[in-house]
Structures are given as structure tokens and as C-alpha cells.
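We use all heavy atoms of the structure for the numbers below, so side chains are in, but hydrogens, waters and symmetry mates are not. What you see is a predicted model, and the numbers here were worked out from it, not measured in a lab.
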Amino acid sequence: PWKWTKWVAWDHTFAEKVSGGHPYRSAGVDRLEMHHITVTETGVAALRTGAIDFTFNGYFPEQAKDLEKRGFIVQVNAVGQPALHLHPLDACALKYPTCDVRVRRAMYLSVDRKSLADKLWLGYAIPAPQGGSPRASGWAEDITVESSYDPKRAEQLLEEAGYKKGPDGVRLVLDYFMNWIPGVPDLMAQAIVDEWSKIGIKSIYKKVDISVALLAHYRTDGFPMPVVFQAGGLGTGPGQDNFYFVRGAYCDDVKAVRCF
């Protein structure tokens with residue numbers, strides 16, 4: 001229902017309401033002004049001063065909480081996610097321990113997603129117990145967040161897979177690569193490393209640049225997929241164990257800000 005009247009790449013764009021309306025949709029706003037703001041703090045300042053009416057961006061939970069306290073409406077939507085990529089086919093081809101489904105299930109069962117959502121994401125995250133979104137088709141209602149956390153069962157699975165605890169309490173050692181995202185995703189990765197250590201999995205946590213992450217993700221020039229690879233926004237699929245955070249898509253109130 002709008003037509004673009006100005007476009008400056010990577011800076012701003014303006015749109016005007018189409019005269020005569022639209023055959024399928026009606027526009028309640030006459031003019032749109034969209035600005036590409038790369039610094040989150042600048043977006044927050046623009047909201048608080050009234051320079052802009054709404055925004056969506058990767059805000060930290062503390063920033064979202066502060067905006068709520070100031071009277072802004074914060075809305076979230078399960079769209080993006082930092083996910084743990086395990087990729088069973090790669091694991092088996094490269095002879096990783098994660099080729100064994102029991103190891104993957106043990107890693108899955110030992111992560112307390114609800115605590116991560118409540119304590120690190122301050123309640124703004126949706127802990128997903130399965131690969132997918134609760135708003136998408138194929139979501140299994142019987143697989144709950146509560147049923148997906150069982151560290152005792154995780155240790156049993158590792159025992160069954162033949163990984164016994166050594167004198168140092170370690171069963172196996174894994175590389176844990178992360179397409180480094182500062183803030184909560186980094187803290188979340190460290191929390192997961194700590195939880196895995198409790199069942200005897202020692203993770204060597206390595207922060208890597210996006211260029212390295214993409215080499216691994218697309219297997220460029222034979223670059224091998226790491227044993228564990230955490231990234232955000234590279235897509236979902238059955239080879240991952242997702243922990244959803246949320247990224248905004250639209251606003252339905254003038255003074256609204258969508259977070260993550």
C-alpha cells in the first residue's frame with residue numbers, strides 16, 4: 001500500500017501511501033521513514049527522545065527491561081536463534097564422538113534451557129526443546145522444556161556409549177566453536193560449557209570470526225565442521241539443537257520496540 005519515494009543504501013528510505021488504496025491491503029500510515037541505525041545505543045536514544053516511533057534490533061535483555069520500565073511496549077517473536085550445530089552426518093564422516101546419537105542426546109539433556117532463558121535472557125527468550133519453532137508446522141507438543149532436561153539420564157547415556165569418567169572426572173573432550181556474538185550469546189555458551197562439564201564432557205571453547213564460521217558452515221574448500229558449532233541466524237534443521245532467542249519483525253503499537 002506504499003510506494004518508495006527515496007532510497008539511500010545502508011542509510012535511510014522513505015515511502016508514501018499509494019493514492020487510491022490497495023486491492024488487498026489498506027494503509028493506516030500516510031508516510032514511512034526508515035533509518036538504518038547500526039549502533040544499538042543510538043536506537044535507544046532515538047526512541048527515548050522521540051526521534052523515532054519504533055525499532056527492532058538485537059537489544060540486550062537489560063536494555064529491553066529498561067525500555068519497558070520507561071513505558072515502551074516490548075514484544076518478542078521466535079524468528080532467529082543461536083543454535084548448537086552438531087551435524088550428525090559430518091560427525092560420522094569425521095569420526096567425532098557426536099556420531100553416536102547417545103552422545104548427542106546426553107549433551108541435549110544436560111542443558112537447562114529454562115534457567116538460561118530466565119536468568120541470562122531475563123525471560124525474553126523462548127527455550128525450544130526441539131529443532132523448530134512453536135509457531136511452525138510439525139511442532140511436537142509432547143516434547144516439553146521440562147522433559148528435555150535430565151542430567152542423570154545424560155550421564156547414563158554416556159556410560160552406555162562407552163565413555164567412562166577418568167580420574168579427573170572427564171569422559172571426553174570436544175572443541176566448541178562459536179561465531180562470536182558478544183553479550184548474552186557468549187555468556188550462554190560459557191554456561192553450556194559449564195553444564196556439560198558436570199556430566200564429564202570437557203569443552204574447549206573457541207570464539208571464531210564470522211569468516212571462519214561460514215567456512216565451516218558451508219564446508220568451503222574442505223574446511224571441516226567442528227564437533228560443536230554455535231552460531232546465530234545460519235538457519236535451522238534437524239542437525240541442530242536450537243535454543244531460540246527472538247528477533248522482531250513488526251510493531252502493532254506506535255510506541256513499541258521489538259527486541260532480539
Separation of [Y] [atom2] from [X] [atom1] (nearest 0.5 Å):
X: Phe229; Y: His87; atom1: CZ; atom2: NE2; value: 7.5 Å
X: Leu122; Y: Glu68; atom1: CG; atom2: CD; value: 10.0 Å
X: Phe72; Y: Leu47; atom1: CZ; atom2: CG; value: 5.0 Å
X: Leu157; Y: Arg153; atom1: CG; atom2: CZ; value: 4.0 Å
X: Arg48; Y: Leu67; atom1: CZ; atom2: CG; value: 8.0 Å
X: Leu172; Y: Leu158; atom1: CG; atom2: CG; value: 6.5 Å

Is the shortest heavy-atom distance from the side chain of [X] to the side chain of [Y] under 4.5 Å?
X: Thr98; Y: Asp90; value: no
X: His36; Y: Asp11; value: no
X: Ile37; Y: Thr55; value: no
X: Trp121; Y: Pro185; value: yes

Is it the case that one hydrophobic cluster holds both [X] and [Y], taking links as side-chain heavy atoms less than 4.5 Å apart, direct or via other members?
X: Tyr149; Y: Ile201; answer: no
X: Leu187; Y: Val111; answer: yes
X: Leu94; Y: Leu86; answer: yes
X: Val228; Y: Val173; answer: no

Using modelled atom types and a 3.5 Å cut-off, is there a donor and acceptor pairing between side-chain atoms of [X] and backbone atoms of [Y]?
X: Arg171; Y: Gly166; answer: no
X: Ser115; Y: Asp112; answer: no
X: Asp221; Y: Phe223; answer: no

Stepwise side chain to side chain contact (heavy atoms under 4.5 Å, CB included) test for Val29 and Trp2: CA-CA 9 Å; Val29 177; Trp2 296 280; 4.3 Å; yes
Aromatic ring pairing His12/Phe14, orientation class (parallel under 30°, perpendicular over 60°, tilted between): tilted
Under 6.0 Å from the [atom1] atom of [X], do we count more than 12 heavy atoms belonging to anything else shown?
X: Lys165; atom1: NZ; result: yes
X: Lys95; atom1: NZ; result: no
X: Arg102; atom1: CZ; result: yes

Distance-minimising heavy-atom pair for [X] and [Y]:
X: Pro226; Y: Ala216; value: CD-CB, 3.7 Å
X: Gly43; Y: Ile52; value: O-CD1, 4.0 Å
X: Ala191; Y: Leu116; value: CB-CD2, 3.6 Å
X: Ile199; Y: Ala106; value: CD1-O, 3.8 Å

Pairwise side chain to side chain donor-acceptor pair (under 3.5 Å) hits with a residue in residues 192-202, at least two apart: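 Checked against side chain to side chain donor-acceptor pair (under 3.5 Å) - neighbours excluded - the pairs reaching residues 192-202 are Ser110-Trp196.
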Electrostatic pair Asp100-Arg104, nearest N-O below 4.0 angstrom: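 No.
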Glu33/Arg31 ion pair, N-O < 4.0 Å: yes
Stepwise side chain to side chain contact (heavy atoms under 4.5 Å, CB included) test for Gln63 and Glu41: CA-CA 9 Å; Gln63 292 172 319; Glu41 287 75 13; 3.6 Å; yes
Side chain to side chain contact (heavy atoms under 4.5 Å, CB included) involving Asp175 - partner list, sequence neighbours excluded: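 By the side chain to side chain contact (heavy atoms under 4.5 Å, CB included) rule, Asp175 matches Phe177, Ile204, Lys206.
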Audit row: Glu16, Trp4, side chain to side chain contact (heavy atoms under 4.5 Å, CB included) steps and yes/no: CA-CA 6 Å; Glu16 303 283 349; Trp4 302 111; over 6 Å; no
Side chain to side chain contact (heavy atoms under 4.5 Å, CB included) between Val103 and Met107, worked out: CA-CA 6 Å; Val103 174; Met107 296 168 72; 4.0 Å; yes
Partner set under ring-ring contact (aromatic ring centres under 6.0 Å, His included) for Tyr205, not counting sequence neighbours: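 Tyr176.
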Under 3.5 Å side-chain donor-acceptor pair for Tyr163 and Glu155: no
Distance under 6.0 Å and angle within 45° of ring axis: Arg113 vs Tyr108: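 Here Arg113 passes the 6.0 Å and 45° test against Tyr108.
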